[in-house]
Amino acid sequence: MTTSTSIPPFDIDAYISRYDATSETRLQRLIFLAHQFHFHAAAAQQQQAAHAFDLAVSQMKSTGNYRRYLEEFGAAESSNRSEEHPPEMTSSPHRSKEQTLQQHPHPPRSPVIQHYMRYDPSFPAESKAAAQNQLEVLEGRLSTAQSHINKASIRTALLALGEFHWGRGELREGWRRVVRSRDYCMNGVQHSNVNLLLVEMSIDTKDWPNARDTIARAEHTVQGDSGDPLFPQKLRAANALVLLAEGKYYDAAKLFASVSLDLTNQFSSVLSAEDLAMYGALLGLATFDREKLHSLVIDGPFKGRLELVPAMRDALRHYSLAEYGQCISILQSSVRRDILLDIHLHAHVPVLLDMIRDRCIVQYFQPYSSVSLEKMGKVFGYNESDMEDIVANLIINGGVQGMSLGEGARINSLEKTLNVYSTSCVERKARRRARVKAAKMGINFVRNAEGLIMRVACLENGLVIQGGSGRSTRGSRARDAAGKQTSDRMATDVLDRSESDGSFSDDAMEVDEHGIANPNDF
């Protein structure tokens, strides 16, 4: 299917305002958008890339995140911290704590961000000095709390250090500090806050196994004493995001569809209300059957979220009305644009859209036993050749998500049609082939018996047929042909009598022009 590869105009300010102003996910999404827009040649996309980088750098400077600033400009000092060596170049999104960064006025390579803004050497130097002073104060508080063996003070100091490192792009070190604070929690509220912060950090670092383990621990350790009525819903949304990242689309769809409508932007450091609506609707359309899709998404409580994503709502409406062509058209235009720019969905776009397309094709074909591939292609926006390839893959793979084109589905390459036989039709064809085979065996038996009787009669009466001459050979061939015609007429008479006396039903064998049914025709 031919679709435009350029990204349509996108409102960055409206999109990024959904997320917490100082959250890591906001920063990651801005950088992701900037890189996505950079690789499109249109001038409008270049302007949006510049705007996204500007917003990202503004957030880095407001939070003192000099590490991420240097990473984007490609400058990082080597692990030996030698001042006389040039900075190490790296494209890794996160650094270990041994790889400390230094100010470098002229980074030795030209990363993407340098196409839109100049490197500011004063920001990393000033931020690093301020961060060092703040770190000494926080470490002093932790030492004092440990000397007094005060669990509450130790937990508070560790959380403060974790948030300090996290705000400055030292993600692994921040996560390590917060994990240590979990050992000093004394009630359900503290456990829920720490576990939720760990879940958020694991998602930001794309550490999905750790996120899954933390969610499971939180569900079993915090029993209704979280102090946050939306705590279970936040865990459910985070768990659904983990399942999405692992490619378990059906399980993720069920969890997204079951998240309470009370959860809107209270979890904006990870997901916005629009994200919950888009993820649930798209995954449901790709994996649910029609009945489950209506009960959980279109007509269920989740219906209230669809107003946040009008394009996805319209696609679901067309799908519900069996207007599959319009549904696919909306998905390939406006919806595709949005999900290609989503940091969690973009890697799954080809798979999910193909699943939806295949599901639409299967449901479109269900009422028919034969459909022209050309007409199907016009409905779904494909040419005849592409449509044939798609249908062939569906037949080979046995359909999609438990839905198939039907038993015995075949492509007629000459007439360019897709044909399928029902179970009863397949059984009827098998019975017909068996009857044809039995009739041929009977006819051959009669022919051989008659020949044997005639030969015995000739021998008894002293009749001998002598061959050898060409004339005699031609005569024998003519007699053989006449004998075949006689036996063929006998087969025709047998079949006609069988059909006239009712021994064969409407699905009796078909007889060709020679009087014998051909099983290869079925």
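Side-chain atoms are counted along with the backbone in the values below, which use heavy atoms only and exclude waters and symmetry mates. In this chain, residues are counted from 1 in sequence order.
Residues Glu170 and Arg168 are not paired through a salt bridge, judged by the lack of any N-O separation under 4.0 Å between the basic side chain and the carboxylate. Salt bridge status for Arg68 with Glu24: present, with a side-chain N to carboxylate O gap under 4.0 Å. Between Glu374 and Lys416, no side-chain nitrogen of the basic residue sits less than 4.0 Å from a carboxylate oxygen of the acidic one, so the salt-bridge criterion is not met.
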With side-chain hydrogen bond (donor to acceptor under 3.5 Å, both in side chains) as the criterion, how do Gln190 and Tyr184 come out once you've worked through the C-alpha distance, each side chain's angles and the decisive distance to 0.1 Å? CA-CA 9 Å; Gln190 295 176 359; Tyr184 299 94; over 6 Å; no

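Here the options are Gln363, Arg290, Gln326, the test is side chain to side chain donor-acceptor pair (under 3.5 Å), and the partner is Tyr319; only Gln363 passes. Screening Leu271, Leu261, Thr264 for a side chain to side chain contact (heavy atoms under 4.5 Å, CB included) involving Leu276 leaves a single residue, Leu271. Checking each of Asp338, Val297, Val335, Ile339 against Met312 for a side chain to side chain contact (heavy atoms under 4.5 Å, CB included) leaves exactly one that passes, namely Val335. Screening Asp207, Thr205, Leu198 for a side chain to side chain contact (heavy atoms under 4.5 Å, CB included) with Trp175, the sole residue that qualifies is Leu198.
Aromatic pair Tyr116/His38: centroids less than 6.0 angstrom apart.
Ring pair Phe37/Phe10 is tilted by interplanar angle, where 30° to 60° counts as tilted.
Of the possible polar contacts, none joining the Ser127 side chain to the Pro124 backbone as a donor-acceptor pair under 3.5 Å is found. Side chain of Ser320 to main chain of Leu316: no donor-acceptor pair is present (N/O by atom type, distance under 3.5 Å, no hydrogens or angles). A donor-acceptor pair under 3.5 Å is formed between the side chain of His115 and the backbone N or O of Val112. Side chain of Arg177 to main chain of His165: no donor-acceptor pair is present (N/O by atom type, distance under 3.5 Å, no hydrogens or angles). Side-chain atoms of Asn193 come within 3.5 Å of backbone atoms of Val189 as a donor-acceptor pair (strictly under, hydrogens ignored). Thr214 places a side-chain N or O within 3.5 Å of a backbone atom of Asn210 that can act as its donor or acceptor partner. Without hydrogens or angle criteria, Asp289 side chain to Lys292 main chain gives a donor-acceptor distance under 3.5 Å.
Side chains of Arg29 and Thr25: a donor on one and an acceptor on the other come within 3.5 Å. For the residue pair Ser202 and Glu200, no side-chain donor N or O sits within less than 3.5 Å of a side-chain acceptor on the partner. Checking Tyr15 against Glu274 by side-chain atom types alone, no donor-acceptor pair falls below 3.5 Å. Side-chain contact annotation: His344 with Tyr279, donor-acceptor N/O pair under 3.5 Å absent. Side-chain atoms of Asp275 and Ser272 include a donor-acceptor pair closer than 3.5 Å.
One distance of note links CZ of Phe53 with NE2 of His35; it measures 4.0 Å at 0.5 Å rounding.
The number of heavy atoms from other shown groups lying within 6.0 Å of NZ (Lys303) does not exceed 12.
Smallest separation of non-hydrogen atoms from Leu255 and Asn239: CD1-ND2, 3.7 Å. What you find for Gly167 and Asn65 is that their closest heavy atoms are O-CB, 3.4 Å. The two atoms that bring Asp204 and Gln28 nearest to each other are O-NE2, 2.9 Å, heavy atoms only. The two residues Arg182 and Val194 come nearest to each other via the heavy atoms CB-CG1, 3.9 Å.
Side-chain atoms of Asp20 and Arg26, non-hydrogen and from C-beta on, never get closer than 4.5 Å to each other. Using a 4.5 Å heavy-atom threshold, the side chains of Cys185 and Arg155 count as touching. Residues Thr22 and Glu163 fail the side-chain proximity criterion, which asks for heavy atoms closer than 4.5 Å. By the 4.5 Å heavy-atom criterion applied to side chains, Thr287 and Leu293 are not counted as neighbours.
By the side-chain contact (heavy atoms from CB on, under 4.5 Å) test, His346 pairs with Phe32, sequence neighbours left out.
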